[in-house]
Amino acid sequence: MVSVEETHFDLNSANALPDTYTWLTPQNQSQPSQGPVSIPVIDLDDIDVIDKIGRACEVLGLFLVINHGVPEEILRRIESEARRFFSLPADQKLRAKRIPGDFTGYGPLPISKFFEKKFWSEGFTILGSPIKPASAVWPDGGHTQFCDTVNEYQQAILKLQARMLGLVMRYLGIEDENDWLHYIGEKGALQLNSYPPCPDPDRALGLGAHGDSTLLTVLHQTGEKGGLQCKIGEDQWALVTPKPGSLVVNVGDLLHIISNGRLPTAVHRVIVDADHHRYSFVNLWGTPPDVKVMPHPKLVGPGKPPLYRAVTWMEYLGIKTKILNEALDSIRVHENLGDDESIQNHNN
Ligand SMILES: C=C1C[C@]23C[C@@]1(O)CC[C@H]2[C@@]12CCC[C@@](C)(C(=O)O1)[C@H]2[C@@H]3C(=O)O
Ligand SMILES: O=C(O)CCC(=O)C(=O)O
Ligand SMILES: [Fe+2]
């Protein structure tokens with residue numbers, strides 16, 4: 001039998017960076033942004049919130065939100081439950097190990113297989129009810145507090161996500177609730193991430209560059225240093241500096257599709273630190289199982305053909321799990337004529 005020690009490398013007690021975690025390619029060495037790029041901060045109580053949130057989605061697809069209405073007490077509790085989970089011995093966490101083909105579980109994320117080196121992070125994904133994985137970890141009742149907290153956190157974040165989606169829809173000119181309420185219903189996947197201090201942070205990566213397959217992703221993070229970076233232009237990365245009381249929001253592929261390409265999916269990654277142990281609690285929010293996601297009919301018309309075919313969230317997750325960065329292109333039915341590069345491709 002293979003022991004836990006042979007298969008599981010414990011990042012929390014490592015004092016050197018193993019070869020399997022050492023990035024030699026420019027993967028984590030591309031240029032940090034020249035000069036400070038400011039990440040927009042959107043105040044949900046702002047009188048011009050529709051315009052401001054819409055523009056933030058349109059420009060970067062990533063922003064901070066304040067006055068978001070998620071009670072601080074819930075944020076503190078999810079943090080404390082995540083810390084309780086990640087500080088367990090490896091063999092106890094591994095009782096919830098992700099089985100290949102499953103979304104839920106503890107272990108390397110679906111994107112890991114697309115990267116040549118491992119990520120300096122631990123993750124626990126919960127899609128659906130937390131009861132099964134949590135009671136595997138805590139068979140003696142310790143799971144109840146964890147599950148209650150996960151449920152309350154997701155409920156509170158879902159309320160915020162639905163509110164923001166309404167604002168963005170109105171920005172796009174989709175005023176009538178009946179034209180977008182059907183996107184709401186799924187609570188999404190909760191991704192708990194732990195990024196322990198790293199002995200050689202310049203040669204490691206917490207999480208590789210990716211876009212989320214979501215409508216919107218909302219992320220709460222610990223500490224003041226940050227680690228999340230947002231891709232700007234070709235090969236520059238801006239640090240999403242934490243701001244007390246704020247949450248991070250990013251546009252995912254589903255909203256990009258619905259907006260018919262107008263709102264970009266935010267490409268992001270995570271860097272790590274020598275001293276700071278960072279955690280993030282990420283709600284990856286998609287559409288209900290029976291909803292076909294496609295460019296919204298109100299955003300399609302003469303001169304504005306639909307750029308993508310219809311997909312359900314689950315179908316899209318399946319595609320993304322197989323071909324990651326090519327997923328959007330694989331459902332594209334028309335080039336974006338507003339985009340210089342696309343026009344060139346079209347002419348060739
Ligand atoms: C619902 C999901 C979205 C996600 C795959 C998952 O099943 C649960 C984890 C999510 C996550 C988080 C990190 C990046 C990502 C690309 C990945 O590998 O796992 C996303 C997936 C996604 O948004 O496509
Ligand atoms: O930890 C972070 O800041 C980002 C995590 C992330 O991108 C994800 O879980 O999808
Ligand atoms: Fe992400």
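Reckoned from all heavy atoms, side chains included, excluding hydrogens, waters and symmetry mates. Start at 1 and go down the list; that is how both ligands and their atoms are numbered.
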*Take atom 21 (C) of ligand 1 and look for protein heavy atoms under 4.0 Å from it; say yes if you find one, no if not.*
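No, no protein heavy atom sits under 4.0 Å from atom 21 (C) of ligand 1.
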*Which side-chain hydrogen bond (donor to acceptor under 3.5 Å, both in side chains) pairs, counting each pair once, include a residue from residues 166-175, with sequence neighbours left out?*
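As it turns out, the side-chain hydrogen bond (donor to acceptor under 3.5 Å, both in side chains) pairs with a partner in residues 166-175, which skip direct neighbours, are Glu58-Tyr171.
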*Would you list the pairs meeting side-chain hydrogen bond (donor to acceptor under 3.5 Å, both in side chains) in which at least one residue belongs to residues 136-151, sequence neighbours left out?*
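Pairs touching residues 136-151 that pass the test: Glu81-Gln145.
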*Do the charged groups of Asp51 and Arg55 touch, with an N to O distance under 4.0 Å?*
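Salt bridge between Asp51 and Arg55, a charged N being under 4.0 Å from a carboxylate O: yes.
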*Decide, yes or no, whether a salt bridge links Asp46 with Lys52 under the criterion of side-chain N to carboxylate O below 4.0 Å.*
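Result for this pair is yes, salt bridge flagged.
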For [atom], find the nearest protein heavy atom and state the residue, atom name and distance (0.1 Å precision).
atom	answer
atom 24 (O) of ligand 1	Ser213 OG, 2.4 Å
atom 11 (C) of ligand 1	Leu109 CD2, 4.3 Å
atom 3 (C) of ligand 1	Leu317 CD2, 3.8 Å
atom 10 (C) of ligand 1	Leu284 CD1, 3.7 Å
atom 15 (C) of ligand 1	Ile111 CG2, 4.1 Å
atom 1 (C) of ligand 1	Ala189 CB, 3.5 Å
atom 7 (O) of ligand 1	Phe103 CD2, 2.8 Å

*Is the Phe115 ring parallel, tilted or perpendicular to the Trp23 ring (thresholds 30°, 60°)?*
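Perpendicular: the ring planes of Phe115 and Trp23 meet at over 60°.
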*Quick one: sort the His220 and Phe281 rings into parallel, tilted or perpendicular, breaks at 30° and 60°.*
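Plane angle between 30° and 60°, so tilted.
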*asked:* Between Arg77 and Glu152, is there a side-chain heavy-atom distance shorter than 4.5 Å?
replied: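 The answer is yes, as the side chains (C-beta and beyond) meet within the 4.5 Å cut-off.
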*Provide the number and element of each atom of ligand 1 under 4.0 Å from a heavy atom of Asp212.*
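Within the 4.0 Å cut-off of Asp212, ligand 1 contributes 23 (O).
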_Proximal atoms of ligand 1 relative to Gln191 (non-hydrogen, under 4.0 Å)_ =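 Reading through ligand 1 atom by atom, the close ones are 9 (C).
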One residue to check: [X]. Relative to ligand 1, which of side chain, backbone, both or neither has a non-hydrogen atom less than 4.0 Å away?
X	value
Thr125	side chain
Leu324	neither
Trp313	side chain

How about [X]: does its [atom1] atom have over 12 heavy atoms from other parts shown lying under 6.0 Å from it?
X	atom1	result
Lys187	NZ	yes
Asp45	CG	yes
Glu224	CD	no

_Looking at every heavy atom in both Phe86 and Lys93, which two are closest together, and how far apart are they?_
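Minimum heavy-atom contact is O-NZ, 2.8 Å.
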*Looking only at heavy atoms, what is the nearest atom pair of Pro295 and Tyr308, with distance?*
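Closest pair (atom of Pro295, atom of Tyr308, distance): CD-O, 3.2 Å.
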*Verify the cluster assignment for Ile257 and Leu181: are they in a single hydrophobic cluster under the rule of side-chain heavy atoms below 4.5 Å apart?*
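In one cluster with Ile257: Leu181, yes.
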*asked:* If you apply the rule salt bridge (Lys or Arg N to Asp or Glu O under 4.0 Å), what do you find for Glu315 with Arg309, and how did you get there?
replied: CA-CA 12 Å; Glu315 181 192 355; Arg309 71 166 172 85; 3.1 Å; yes
_Residue and atom, protein N/O/S, under 2.8 Å of the Fe ion (ligand 3)_ =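 His210 NE2, Asp212 OD1, His268 NE2, with waters left out.
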*Working for ring-ring contact (aromatic ring centres under 6.0 Å, His included), residues Phe85 and Phe124*: CA-CA 9 Å; Phe85 172 76; Phe124 187 17; 4.4 Å; yes
Protein N/O near ligand 2 N/O, under 3.5 Å, which pairs?
| from | atom 1 | to | atom 2 | distance (Å) |
| --- | --- | --- | --- | --- |
| ligand 2 | 1 (O) | Tyr195 | OH | 2.7 |
| ligand 2 | 1 (O) | Arg278 | NH1 | 3.3 |
| ligand 2 | 1 (O) | Ser280 | OG | 2.6 |
| ligand 2 | 3 (O) | Arg278 | NH1 | 3.3 |
| ligand 2 | 3 (O) | Arg278 | NH2 | 2.7 |
| ligand 2 | 7 (O) | His210 | NE2 | 3.2 |
| ligand 2 | 7 (O) | His268 | NE2 | 3.0 |
| ligand 2 | 9 (O) | Asn193 | ND2 | 3.1 |
| ligand 2 | 10 (O) | His210 | NE2 | 3.3 |
| ligand 2 | 10 (O) | Asp212 | OD1 | 3.4 |

*To the nearest 0.5 Å, what is the distance between CG (Leu216) and CG (Leu62)?*
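Result: 11.0 Å between the selected atoms.
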